[in-house]
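For reference, the structure discussed in these notes is given below.
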Amino acid sequence: MKLYIKNMVCQRCVMAVESILSSLAIPEYQVTLGEVTTSALPPETIALLADKLDAIGFELLDDKKKQLIEKIKGLIITYIHHDPELQKYNMSEFLSHEIPFEYNYISNVFSEIEGTTIEKYVIAQKIEKVKELIVYDELSVQQIADQLGYSSVAYLSNQFKKVTGLTPSHFKKIRDEKRKPLDQL
């Protein structure tokens, strides 16, 4: 059985869900971003799981379109934040490969439910990653642009300014600017 969970964006989220599953004495499970695979669970256990997830800011999803949206978001987060090797693939090809639907369908459902396009969501995620890398101050803007697949520093700077209202260099100077949690993008 597959369960879909909203707002899982990092390894700590996976660990939190694993902890809940363990506390409920669910014997066999596999947890990835946004998904839990386990043997069939009785309705009362699912209800208990939903309550425990809700208490820490997650949501057990039962609507198929919402499940698809969380799968898309999880894949995009993995693509941008967790697996730099995936950057060599085109986003639409990557999503179509990972999700058994045509990209047009995936894109239309995402826009319908989220009120924004996949492309704008990807840009928001990339800019958040740029902020993270700027704050860590380990890479130059050129290296950040290369790592995130931007064609040039100018393109990255332009997109960064359009989203944040600041240039990357100005952002670097005022580092107090709060970064946004990934699940609120």
Side-chain angles (χ1 to χ4, degrees), residues 1-21 26 28-41 43 45-46 49-50 52-54 56-133 145-151 155-156 159 163 179-185:
M1 131 179 258
K2 270 198 193 236
L3 302 171
Y4 296 90
I5 303 170
K6 184 175 182 176
N7 295 332
M8 288 182 67
V9 297
C10 64
Q11 268 317 109
R12 283 186 302 270
C13 297
V14 170
M15 291 171 24
V17 170
E18 286 174 338
S19 175
I20 290 172
L21 294 168
I26 295 173
E28 294 178 26
Y29 52 83
Q30 181 180 0
V31 182
T32 58
L33 288 180
E35 289 184 8
V36 172
T37 305
T38 185
S39 54
L41 299 174
T45 303
I46 293 174
L49 175 61
K52 287 187 175 258
L53 289 170
D54 191 53
I56 61 169
F58 298 128
E59 179 185 344
L60 192 58
L61 300 172
D62 54 4
D63 177 273
K64 294 287 182 196
K65 285 186 177 180
K66 285 184 178 178
Q67 291 173 0
L68 177 60
I69 297 306
E70 286 307 304
K71 175 101 173 144
I72 293 167
K73 285 181 173 182
L75 288 168
I76 291 170
I77 288 168
T78 298
Y79 179 92
I80 293 169
H81 296 277
H82 303 300
D83 193 347
E85 284 298 308
L86 294 175
Q87 297 278 327
K88 62 186 170 189
Y89 300 106
N90 176 294
M91 177 60 74
S92 60
E93 291 171 357
F94 170 70
L95 290 175
S96 296
H97 179 265
E98 296 294 321
I99 299 172
F101 295 109
E102 292 290 323
Y103 182 75
N104 279 347
Y105 175 76
I106 294 168
S107 180
N108 288 338
V109 170
F110 191 91
S111 295
E112 173 190 326
I113 302 293
E114 290 297 306
T116 190
T117 64
I118 288 176
E119 290 74 18
K120 286 182 180 175
Y121 183 77
V122 168
I123 290 168
Q125 290 294 333
K126 278 187 163 186
I127 295 304
E128 206 50 45
K129 183 67 174 181
V130 171
K131 287 180 186 178
E132 174 186 330
L133 294 171
D146 291 342
Q147 181 176 327
L148 293 176
Y150 284 95
S151 57
Y155 183 54
L156 168 104
Q159 197 170 70
V163 172
R179 291 180 42 232
K180 294 179 185 172
L182 297 180
D183 63 341
Q184 294 181 12
L185 291 175

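Values in this document were obtained by computation on a predicted structure and should not be read as measured data.
- When atom types are taken as modelled, the side chain of S111 and the backbone of S107 share a donor-acceptor pair closer than 3.5 angstrom.
- For the pair K6/K66, no side-chain contact is recorded, criterion being any heavy-atom separation below 4.5 Å from C-beta on.
- Donor-acceptor pairing under 3.5 Å is lacking for the side chains of Q125 and Y79.
- For the atom pair CG of L53 and CG of L3, the computed distance is 9.0 Å after rounding to the nearest 0.5 Å.
- Here CG of N7 is found 7.5 Å from CD of E59. Values are rounded to the nearest 0.5 Å.
- Residues L33 and H82 are in side-chain contact: their nearest non-hydrogen atoms beyond the backbone lie under 4.5 Å apart.
- The closest side-chain heavy-atom distance from T38 to L21 is not below 4.5 Å.
- Considering CE of M15 and CD1 of I20, their distance stands at 12.5 Å, rounded to 0.5 Å.
- The closest side-chain heavy-atom distance from I69 to Y4 is not below 4.5 Å.
- Side-chain atoms of D54 do not come within 3.5 Å of backbone N or O of A50 as any donor-acceptor pair.
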ask   = Are Y105 and L68 close enough, and set up right, to give a side-chain contact (heavy atoms from CB on, under 4.5 Å), and what steps lead you there?
value = CA-CA 11 Å; Y105 175 76; L68 177 60; 3.9 Å; yes
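- Inter-residue side-chain proximity for V109 and F101 is flagged as unmet; no heavy-atom pair is nearer than 4.5 Å.
- Considering CG of L156 and CG of L148, their distance stands at 7.5 Å, rounded to 0.5 Å.
- Atom OH in Y103 sits 8.0 Å away from atom CG in N90 (nearest 0.5 Å).
- Inter-residue side-chain proximity for Y89 and H97 is flagged as unmet; no heavy-atom pair is nearer than 4.5 Å.
- None of E112, E70, E114 except one satisfies the salt bridge (charged side-chain N to carboxylate O under 4.0 Å, His left out) rule with K65; the exception is E112.
- Proximity of E98 to L86: side-chain heavy atoms (C-beta onward) are nowhere separated by under 4.5 Å.
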key: Stepwise side-chain contact (heavy atoms from CB on, under 4.5 Å) test for I77 and Y121   = CA-CA 10 Å; I77 288 168; Y121 183 77; 3.8 Å; yes
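- Sparse packing is recorded around CD of E102, with 12 or fewer heavy atoms of other residues, nucleotides or ligands lying under 6.0 Å away.
- Put simply, NZ on K126 and CE on M91 are 7.5 Å apart, with the number rounded to the nearest 0.5 Å.
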request  = Would you please test V31 and M8 for side-chain contact (heavy atoms from CB on, under 4.5 Å) and show each step?
outcome  = CA-CA 10 Å; V31 182; M8 288 182 67; 3.7 Å; yes
